[in-house]
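Structure record follows, encoded as structure tokens.
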Amino acid sequence: MKAELNEQALLKGLAHNDSRAIETIYKENFNMVQSFIVHNNGSYDEARDIFQEAMIALYEKAQTESFVLTCKINTYIYSICRRLWLKRLQQMGRHAYHAPGLDETVAVEEDLELHEKRNAEFAIMDRALGSLGEPCKSLLEGYYLKKQDMQALAKEFGYTNADNAKNQKYKCLMRLKKLFFAQYNIGE
């Protein structure tokens, strides 16, 4: 949880041009990108250029309110850099050297558009869950996030038995679904 908060603080700092956040992101990620590019027909200068492009892309994303990063910053940066570098190699007619085991150590090959769409859907779901109200919100969080069983939820929320809690959970889920799709369909 602490690492997740640190990542969010770094993104917020990046969005607000905080030099310490930018420096931290650079120090924690540049060597990984440099290593990848140098081992794939590139130079130090090319690695710097590609990394800078990735930092600009991350900066622009961090400034939008709808952006929710669902992976680590280094995974996101690596993904952008890898895609940019392989595209540049293709344009220059060079071929990438495939380092053995590289894909196993950093498993990143998500299409960025799909990733951004998923982030937007998570943001919509978060807003829908926020507007769901009580006790539905707590009931769904208890079941899906805290992994409580129906018997425990029935006791916590004062239902006569687990079946009643299950029925209420279903009704809450249907309300959440309506809220989500109402926001999703209007493109919020």
Side-chain angles (χ1 to χ4, degrees), residues 1-22 24-25 28-29 54-80 82-83 104-188:
M1 187 69 174
K2 188 177 180 183
E4 199 173 295
L5 291 173
N6 187 37
E7 296 259 316
Q8 292 304 317
L10 285 174
L11 276 180
K12 191 175 279 189
L14 176 64
H16 293 101
N17 286 323
D18 179 8
S19 60
R20 288 180 302 195
I22 295 168
T24 301
I25 294 171
E28 290 179 357
N29 296 285
M55 285 293 288
I56 291 169
L58 181 60
Y59 170 76
E60 289 172 351
K61 288 292 178 190
Q63 289 191 313
T64 62
E65 287 183 32
S66 63
F67 180 66
V68 178
L69 190 63
T70 58
C71 61
K72 290 187 172 200
I73 289 174
N74 67 350
T75 304
Y76 192 79
I77 288 175
Y78 178 84
S79 177
I80 293 171
R82 184 174 192 275
R83 186 171 297 273
E104 290 130 31
T105 57
V106 185
V108 181
E109 223 354 80
E110 252 184 72
D111 183 34
L112 288 179
E113 286 180 28
L114 182 64
H115 185 72
E116 290 169 9
K117 183 179 184 215
R118 196 173 88 205
N119 281 342
E121 289 170 348
F122 279 128
I124 293 170
M125 180 57 78
D126 190 47
R127 285 196 305 269
L129 191 58
S131 62
L132 186 60
E134 293 297 337
C136 280
K137 182 179 177 188
S138 296
L139 183 63
L140 293 175
E141 286 176 346
Y143 184 77
Y144 290 106
L145 300 178
K146 296 176 185 171
K147 305 292 186 198
Q148 293 175 299
D149 64 10
M150 281 299 147
Q151 197 65 40
L153 289 170
K155 187 175 181 180
E156 182 179 336
F157 289 94
Y159 298 114
T160 54
N161 58 40
D163 287 335
N164 287 346
K166 187 175 180 180
N167 287 336
Q168 186 59 39
K169 178 191 69 90
Y170 175 78
K171 289 176 185 177
C172 291
L173 202 54
M174 291 301 104
R175 277 187 53 210
L176 179 63
K177 186 177 175 182
K178 280 183 184 178
L179 288 168
F180 173 82
F181 282 110
Q183 292 179 21
Y184 186 82
N185 290 332
I186 60 173
E188 285 187 1

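The figures that follow rest on heavy atoms only: side chains count, while hydrogens, waters and symmetry mates do not.
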Once you round to the nearest 0.5 Å, how far does [atom1] of [X] lie from [atom2] of [Y]?
X    : Y    : atom1 : atom2 : result
Y170 : L139 : OH    : CG    : 14.5 Å
M125 : K177 : CE    : NZ    : 10.5 Å
N167 : C172 : CG    : SG    : 11.0 Å
L129 : D126 : CG    : CG    : 6.5 Å
L140 : L176 : CG    : CG    : 6.0 Å
T160 : K155 : OG1   : NZ    : 14.5 Å

Donor-acceptor contact below 3.5 Å, side chain T24 vs main chain R20 | yes
- Task: Answer yes or no: is there a donor N or O on one side and an acceptor on the other, between the side chain of K146 and the main chain of Y143, under 3.5 Å?
- Result: no
Would you indicate whether the side-chain heavy atoms of [Y] and [X] approach each other to under 4.5 Å?
X    : Y    : result
N17  : Y59  : yes
Q168 : Y159 : yes
I77  : I80  : no
M55  : I25  : yes
L179 : R127 : no
Y144 : K169 : yes

What closest approach, in Å, do [X] and [Y] show between heavy atoms, and which atom pair accounts for it?
X    : Y    : value
A162 : M150 : CB-CB, 3.8 Å
N164 : N161 : N-OD1, 2.8 Å
K137 : E134 : CB-OE2, 3.8 Å

Check your understanding: Would E28 and L10 count as a side chain to side chain contact (heavy atoms under 4.5 Å, CB included) if you check the C-alpha gap in whole Å, the side-chain angles of each, and the deciding distance to 0.1 Å?
Key -> CA-CA 11 Å; E28 290 179 357; L10 285 174; 4.2 Å; yes
